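To start, the structure itself, in structure tokens.
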Amino acid sequence: MLSKLLRKAAPTPPLPFAVEDGTRIYAVGDIHGRADLLAEMIDRIRVDMDRCSAHRLVTVFLGDYVDRGPDSRLVVDMLLALSQGGNAICLKGNHEAILVRFLREPILWENWVALGGLQTLLSYGLRVPARLSREDQVRVAEEFRQALPAEHLYFLESLPLTHVSGNVAFVHAGLRPTVPLDRQQEEDLLWIRQPFLDHRDPFSHFVVHGHTPVESPEVHANRINIDTGAFATGRLSCIALQGNSHTFL
Ligand SMILES: [Mn+2]
């Protein structure tokens with residue numbers, strides 16, 4: 001009887017991934033201007049770091065720092081400070097991509113507004129109506145460029161698309177199935193949904209990603225999604241990977 005119970009309680013088989021030896025990697029999902037949730041999560045990660053055994057600690061932010069929520073500017077400030085501290089890697093999300101593109105292509109105004117860009121502008125001190133003439137779009141792009149601290153622009157422009165440790169790839173949205181990581185297109189890494197989400201076979205790497213909000217983190221045989229829609233739900237998710245085990249903070 002007891003042995004039967006013990007067998008039942010046995011842990012599920014490990015997922016087919018292993019991060020680099022001796023490394024503990026924290027991955028944080030889509031923040032979208034929720035500096036309050038980011039601050040809490042940074043504290044939780046620090047507590048976990050203090051009591052873990054790994055000799056190398058890395059935090060990977062999966063992109064979508066800006067738009068929708070109220071504090072995009074502050075979130076960028078916090079991430080800048082962390083990445084300058086040396087053990088945080090901030091990946092690019094589609095929202096960072098369109099923000100930077102808007103500066104050069106003001107005609108993308110409506111696309112950016114549809115993604116919550118007005119809230120980002122507000123956090124940088126620009127109150128702008130959603131509907132603008134072409135002329136005003138150009139003017140707002142110029143005003144935004146002036147309001148953006150140079151280090152913010154540089155940070156947003158130079159975010160990497162992926163981070164790899166062992167056989168795990170960290171990326172904002174996902175991978176185009178059957179295409180190797182080094183041949184992936186930026187468009188897919190930042191925006192992909194169905195072809196990636198529906199894929200049941202292994203990818204070139206085990207994938208940890210965000211971009212598509214889910215109620216709670218989703219663990220699949222080939223990927224883990226940790227975008228829990230922080231902006232709307234108040235839940236920001238973080239997963240810690242070490243060896244071939246994972247835990248949610
Ligand atoms: Mn996204």
Side-chain angles (χ1 to χ4, degrees), residues 6 9-31 38 40-65 78-93 158-184 186 188-190 192 196 199-211 216-228 236-249:
L6 285 174
T12 49
L15 291 163
F17 73 78
V19 296
E20 233 168 277
D21 259 356
T23 304
R24 187 169 178 83
I25 304 194
Y26 302 86
V28 179
D30 308 38
I31 300 164
L38 175 59
E40 275 173 38
M41 189 54 79
I42 290 169
D43 285 345
R44 251 188 273 173
I45 291 171
R46 288 209 174 110
V47 168
D48 187 273
M49 282 177 167
D50 284 342
R51 57 177 186 220
C52 83
S53 60
H55 66 255
R56 184 159 183 260
L57 301 166
V58 181
T59 308
V60 179
F61 294 91
L62 294 177
D64 281 7
Y65 313 123
M78 293 165 76
L79 294 175
L80 250 173
L82 283 175
S83 61
Q84 285 164 351
N87 62 0
I89 293 159
C90 298
L91 301 180
K92 187 188 285 186
S158 48
L159 299 169
L161 296 169
T162 60
H163 177 72
V164 173
S165 178
N167 73 340
V168 181
F170 299 83
V171 59
H172 177 61
L175 305 182
R176 171 79 46 189
T178 75
V179 176
L181 191 61
D182 59 357
R183 307 262 318 275
Q184 293 279 334
E186 172 161 340
D188 286 329
L189 298 171
L190 298 184
I192 199 165
F196 168 68
H199 192 70
R200 293 287 168 263
D201 293 325
F203 301 100
S204 65
H205 294 67
F206 189 89
V207 183
V208 175
H209 68 96
H211 184 59
S216 54
E218 274 186 8
V219 178
H220 298 271
N222 55 0
R223 62 180 177 88
I224 297 176
N225 179 1
I226 60 166
D227 177 11
T228 43
L236 179 62
S237 290
C238 174
I239 190 171
L241 306 180
Q242 192 170 345
N244 62 2
S245 70
H246 69 277
T247 173
F248 292 97
L249 260 57

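Bear in mind that the values here come from a model prediction, so they are computed numbers and not experimental data.
Annotation for A221 and F206: closest pair O-CE1, 3.4 Å, computed over non-hydrogen atoms. Residues C90 and L159 come closest through the heavy atom pair O-CD2, 3.4 Å. The shortest heavy-atom contact between P177 and I192 is CD-CD1, 4.5 Å. Counting all heavy atoms, side chain and backbone alike, V19 lies closest to S165 at CB-OG, 3.6 Å. For the pair L161 and L91, the tightest heavy-atom approach, listed with the atom from each and the gap, is C-CD2, 4.0 Å. Nearest approach of D30 to L236, heavy atoms of both residues: O-CD1, 3.5 Å.
In this structure, the separation between CG on N225 and OG on S216 is 10.0 Å, given to the nearest 0.5 Å. A distance of 11.5 Å separates OG of S237 from CD1 of I31, quoted to the nearest 0.5 Å. The CD atom of E20 lies 6.0 Å from the CZ atom of R56; values are rounded to the nearest 0.5 Å.
For the side chain to side chain contact (heavy atoms under 4.5 Å, CB included) with I45, the lone residue among V28, L82, D50, L57 that qualifies is V28. Remark: of the listed residues L189, T162, D188, L189 is the sole one forming a side chain to side chain contact (heavy atoms under 4.5 Å, CB included) with L175.
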Derivation of the side chain to side chain contact (heavy atoms under 4.5 Å, CB included) call for D227 and L62: CA-CA 9 Å; D227 177 11; L62 294 177; over 6 Å; no
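Using modelled atom types, one side-chain atom of N167 and one backbone atom of P16 make a donor-acceptor pair closer than 3.5 Å. With hydrogens and angles ignored, the 3.5 Å screen pairs no side-chain donor or acceptor of N222 with any backbone N or O of F203.
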Side-chain polar contacts of residues 242-249 - donor-acceptor pairs under 3.5 angstrom, sequence neighbours left out - could you list them?
from: Q242; atom 1: OE1; to: R24; atom 2: NH1; distance (Å): 2.7
from: S245; atom 1: OG; to: Q242; atom 2: O; distance (Å): 3.0

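Put simply, the side chain of T59 does not reach to within 4.5 Å of the side chain of I42, judged on heavy atoms. The shortest side-chain heavy-atom distance between L15 and I224 falls under the 4.5 Å cut-off. Counting heavy atoms from C-beta outward, I25 and F170 have side chains that approach closer than 4.5 Å. No side-chain heavy atom of M41 sits under 4.5 Å from any side-chain heavy atom of Y26.
Not counting sequence neighbours, the partners of P180 by the side chain to side chain contact (heavy atoms under 4.5 Å, CB included) test are D182, R183.
Heavy atoms of other residues, nucleotides or ligands lying less than 6.0 angstrom from CG of N87 number more than 12.
Using the six-membered ring where Trp is involved, H209 and F196 have ring planes that are perpendicular, over 60° apart on the 30 and 60° scheme. Taking the six-membered ring where the residue is Trp, H172 and H211 present perpendicular rings, their angle passing 60° and hence far from 30°.
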